[in-house]
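To start, the structure itself, in structure tokens.
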Amino acid sequence: MDTYTLYAAQFLPFKEHFGPKGHNACKGCGVALAVRQVYKALEGSGANIEQAKWQIPWEESIIVNSGAIAAGSQPALLSIAKKEGALHICFDNECTGGRVDTAVMLKKLPAVASASGCDYSATACPSHPFDLVDKIRKAWDCAGSAFVHILCPCPVGWGFEAENTVKVGRKAVESRVFPLYEIAQGYYKITCEDPNPQPVEGYVKAQTRFAGWSAKKIIALKEEVNANLELLKSKTQKTL
Amino acid sequence: MISKTFKQEKVGCQLLEAGQAQPYTPGTKPQFGPVWDKTLCVRCALCYIYCPDAAISRQEDGFYDVDIKLCKGCGICHRECWFGAVSMQEVE
Ligand code: SF4
Ligand code: SF4
């Protein structure tokens, strides 16, 4: 039987690492939001957050192997040393300098990380904070190296109002452009199941970075999203 | 006055110590800031968990309030409250 963990926002640690001075990210920054939630997840776990290493992952094999770098995206990577191995967290705001195509949006970093020997890898999004906290804690508690890929909506780069950061993240997850799943020792599990996915158009229309996209291109994206989801589902069934 | 110095960094530009970097406060107040309606709030803390700037904190009475020095006025708290308890109002 599955075990369930229950989270409520009031019971997460109240300590703020951004305080008392704040930070200089743009308003409504998805990366700042994700970092804050990750810090909350790791609070009290014994992780040395203050000494964690920030880097642009130009030399990290797990990223270089994937399509992300080839497509020109340079996500920030936070690496925290564990007892064995390390916990890598990729904060991906898909900053490709205005150019966006399906290869950037549908990369499968956790699969690559799992294939290169990570014990636990997962995708997460700050619009689903308890899912994110749960995954970061699992990644910290697993035996070997772990990798978590976090999609961080960027109001400036993607072109939407700052107040919609969380809404756009939720749309990305619910339209299955960015499905939430985890791979623990080769076992796939979709963590946010919804029998009726939202239409991809809703996600695309919410952002101005898709303004130049033709209807044909959006249909192609939709097909690719569906194919991705089917592949993911088939992998889940095979290993259960 | 801090004198400026030069230091060679490793390839990859990883800055491992703070050096002369200063803690940062946004400085100016946002044009619009969140205001709570305590009759509607159920203290679920969703506004708190979604604030990217860590500006919202729990008060002694269990309700939530903003530190306007940290708030950037993005409006996520207003958007994400299920009960419509947060409204954005002009900051004097
Ligand atoms: S999200 Fe709304 S109801 Fe929940 S604590 Fe904040 S103001 Fe109150
Ligand atoms: S407006 Fe934005 S920065 Fe200000 S308290 Fe609300 S969520 Fe935080």
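Only heavy atoms go into these numbers, but all of them, side chains included; no hydrogens, no water, no symmetry mates. Numbers restart at 1 for each chain; the letters A, B, ... are given by sequence-line order, proteins then strands.
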| said: Using a 3.5 Å distance criterion without hydrogens, assess whether the side chain of B:Lys72 forms a donor-acceptor pair with backbone atoms of B:Pro52. | reply: no
| field | A:Arg176 side chain to A:Val225 backbone, donor-acceptor under 3.5 Å | value | no
| Thinking salt bridges, do A:Glu161 and B:Arg79 make one under a 4.0 Å N-O criterion? | no
| remark: In terms of heavy-atom pairs under 4.5 Å with chain A, the winner among B:Gly62, B:Ala55, B:Cys44, B:Ser57 is B:Cys44
| query | Is the NZ or CZ atom of B:Arg43 positioned over B:Phe83's six-membered ring, under 6.0 angstrom from the centre and within 45° of the axis? | reply | no
| task | For each of A:Ser127, A:Pro126, A:Cys26, A:Gly30, tally heavy-atom pairs with chain B at distances under 4.5 Å, and name the one with the top tally. | result | A:Ser127
| Out of A:Gly28, A:Pro155, A:Ala34, which one racks up the most heavy-atom pairs below 4.5 Å with chain B? | A:Gly28
| Between A:Glu163, A:Lys27, A:Gln37, which has the largest tally of heavy atom pairs under 4.5 Å with chain B? | A:Glu163
| Under a 4.5 Å heavy-atom cut-off, does chain B meet the side chain of A:Lys40, its backbone, both or neither? | side chain
| note | So, the part of B:Cys77 with a heavy atom under 4.5 Å from chain A: the answer is neither
| message | Quick one: does any side-chain atom of A:Ser175 pair with a main-chain N or O of A:Gln198 as donor and acceptor, under 3.5 Å? | response | no
